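Each chain gets a letter, A, B and so on, in the order the sequences are listed, and its residues count up from 1. All values derive from a computational prediction rather than experimental measurement.
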Protein chains: 2
Amino acid sequence: MPGSEMSGSGNEELILDRLIHEPGRLAILTVLSSVKACDFVFLQRATRLTKGNLSSHLSKLEEAGLVEIEKTFVHKKPKTGVTLTAVGRERIAHHWDQLERLRNFSEESIQEPAQE
Amino acid sequence: MPGSEMSGSGNEELILDRLIHEPGRLAILTVLSSVKACDFVFLQRATRLTKGNLSSHLSKLEEAGLVEIEKTFVHKKPKTGVTLTAVGRERIAHHWDQLERLRNFSEESIQEPAQE
DNA sequence: ACGTATGGTTTGCGGCACAGACTAGTTTGG
DNA sequence: CCAAACTAGTCTGTGCCGCAAACCATACGT
């Protein structure tokens, strides 16, 4: 569980969630957030990930409660549907936020140590 | 906003350079790009990385030619100066670009495979 | 029945981030 | 003068995790 470490007065530092930051996952989540729902094969095409890779990423995202996986059969073939949960949607948005914050890093709390 | 045309063909996107994408390094590079030059201790304060961590990240960045390290002595104490190289500056800018592109991912080349 | 295609999971390996131990030198204090 | 303590940084071990190949299951063509 992400314990709240807010001992740092001033800059609430860039806690870039590795789970989300990981390129593969970032891609998955980004795709998901623009197409509400899709399936495994679509995701694979979209992200260019290998099956195995995609599969394990999806497992992690599911475990973390960021996506929901629903397995069904369509035309007698397995179909793995994936949807972003509310939490997931929030987390990814937050992540983009953090990134932007990092990018605009400037006036942020750090001063040149005046010693010298 | 640069009205950049994405040459519709195969989306070659998603080439998120792990070297740069890594949070620690992303932080370092971002700091560097806003303060042209600084030293080890400053970077450590700014990024909240541990010494060891920062040290190894810097080595990698140097190896990759993204930063330049210059060791001197100031007041008889070692001082490790760090500067972003031209390449580094370009690469980080490009990375932010890629991220933005990913974020705005939408109309991108992927269509629902119409076959069924 | 067999080969091939589709859809997905599990496994093993390799790379790498992380932080704590270590080095090197300097200042302080007794 | 010697020793603790502090500063500045590097090195090393460990564990996690991304990666894709191997594998499994089912469906379809002939």
Side-chain angles (χ1 to χ4, degrees), chain A residues 1-3 5 7 13-29 37-64 66-83 112-116, chain B residues 14-29 37-64 66-83 112-116:
Chain A
M1 185 153 303
E5 283 254 6
S7 44
E13 62 227 51
L14 306 158
I15 304 173
L16 291 189
D17 189 340
R18 306 294 282 236
L19 180 70
I20 294 179
H21 196 62
E22 171 63 26
R25 253 118 54 181
L26 195 51
I28 295 172
L29 292 172
C38 62
D39 57 42
F40 191 96
V41 287
F42 176 75
L43 266 181
Q44 203 202 332
R45 284 182 191 287
T47 60
R48 307 302 210 230
L49 293 168
T50 60
K51 295 158 184 261
N53 211 339
L54 177 55
S55 180
S56 46
H57 282 321
L58 284 179
S59 296
K60 294 204 169 150
L61 291 173
E62 185 185 23
E63 245 171 286
L66 302 191
V67 304
E68 208 157 340
I69 311 270
E70 193 161 1
K71 292 178 189 308
T72 59
F73 281 85
V74 174
H75 301 329
K76 313 227 178 169
K77 300 223 253 161
K79 165 154 176 160
T80 302
V82 186
T83 38
E112 296 275 355
Q115 108 272 80
E116 186 99 24
Chain B
L14 289 184
I15 305 181
L16 291 188
D17 189 341
R18 309 289 289 228
L19 179 70
I20 294 179
H21 196 63
E22 172 64 26
R25 253 116 54 181
L26 196 52
I28 293 171
L29 293 172
C38 62
D39 57 39
F40 191 96
V41 287
F42 176 74
L43 265 180
Q44 202 201 333
R45 284 181 191 287
T47 60
R48 306 304 210 232
L49 293 168
T50 60
K51 294 159 184 253
N53 212 340
L54 177 54
S55 181
S56 46
H57 281 321
L58 284 180
S59 295
K60 294 204 169 152
L61 290 174
E62 186 186 21
E63 245 172 289
L66 303 191
V67 304
E68 207 159 340
I69 311 272
E70 193 163 1
K71 290 176 191 307
T72 59
F73 283 85
V74 174
H75 300 331
K76 311 223 173 168
K77 300 224 251 156
K79 162 151 175 164
T80 302
V82 185
T83 38
E112 296 276 355
Q115 104 263 94
E116 186 120 10

In the structure I gave you, are the side-chain heavy atoms of [X] and [Y] within less than 4.5 Å of one another anywhere?
{"X": "B:Leu29", "Y": "B:Val67", "answer": "yes"}
{"X": "B:Leu66", "Y": "B:Leu19", "answer": "yes"}
{"X": "A:Asp39", "Y": "A:Thr80", "answer": "no"}

Enter the distance from A:Arg45:CZ to A:Leu43:CG here, rounded to the nearest 0.5 Å.
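Rounded to the nearest 0.5 Å, the CZ-CG separation comes out at 12.0 Å.
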Can you measure from CZ (A:Arg25) to CG (A:Leu58) and round to the nearest 0.5 angstrom?
10.5 Å
Could you check how far [atom1] of [X] sits from [atom2] of [N], rounded to whole Å?
{"X": "A:His21", "N": "D:dG18", "atom1": "NE2", "atom2": "P", "answer": "12 Å"}
{"X": "A:His57", "N": "D:dC16", "atom1": "NE2", "atom2": "C1'", "answer": "14 Å"}
{"X": "B:Leu54", "N": "D:dC11", "atom1": "CG", "atom2": "P", "answer": "14 Å"}
{"X": "B:Asp39", "N": "D:dA8", "atom1": "CG", "atom2": "C1'", "answer": "10 Å"}

Between the side chain of [X] and the main-chain N/O of [Y], is any donor-acceptor distance below 3.5 Å?
{"X": "B:His57", "Y": "B:Leu26", "answer": "no"}
{"X": "B:Glu62", "Y": "B:Glu68", "answer": "no"}
{"X": "A:Ser55", "Y": "A:Lys51", "answer": "no"}

Which nucleotide span of DNA chain C, 5' end to 3' end, has atoms closer than 4.0 Å to non-hydrogen atoms of chain A?
C:dT6 to C:dC18
Side-chain N,O (A:Arg25) to OP1/OP2 (D:dG18) below 4.0 Å
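Yes, because at least one side-chain N or O of A:Arg25 sits under 4.0 Å from OP1 or OP2 of D:dG18.
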I want to check one thing: is the phosphate of D:dG18, taken as OP1 and OP2, less than 4.0 Å away from some side-chain N or O of A:Lys60?
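It does, given that an N or O in the side chain of A:Lys60 lies less than 4.0 Å from OP1 or OP2 of D:dG18.
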Just to be sure I understand the rule, does A:Thr80 reach a base, reach only the sugar-phosphate, or reach nothing, if contact means heavy atoms closer than 4.0 Å?
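Touches sugar-phosphate only.
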For a quick check of understanding: with a heavy-atom distance under 4.0 Å over all strands, which category does B:Glu22 fall into, base, sugar-phosphate or nothing?
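Here B:Glu22 touches the backbone only, sparing every base.
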Under the criterion side chain to side chain contact (heavy atoms under 4.5 Å, CB included), I'd like the reasoning laid out for A:Leu49 against A:Ile28: C-alpha separation, chi angles, the key distance, then a yes or no.
CA-CA 9 Å; A:Leu49 293 168; A:Ile28 295 172; 4.0 Å; yes
Taking for each residue the nucleotide of DNA chain D with the nearest heavy atom, is it A:Leu19 or B:Ser55 whose nucleotide lies nearer the 5' end?
B:Ser55
Summary of protein contacts for nucleotides 20-29 of chain D, nucleotide by nucleotide, where a base hit scores B, a sugar-phosphate-only hit scores S (4.0 Å, heavy atoms)
BB-----S--
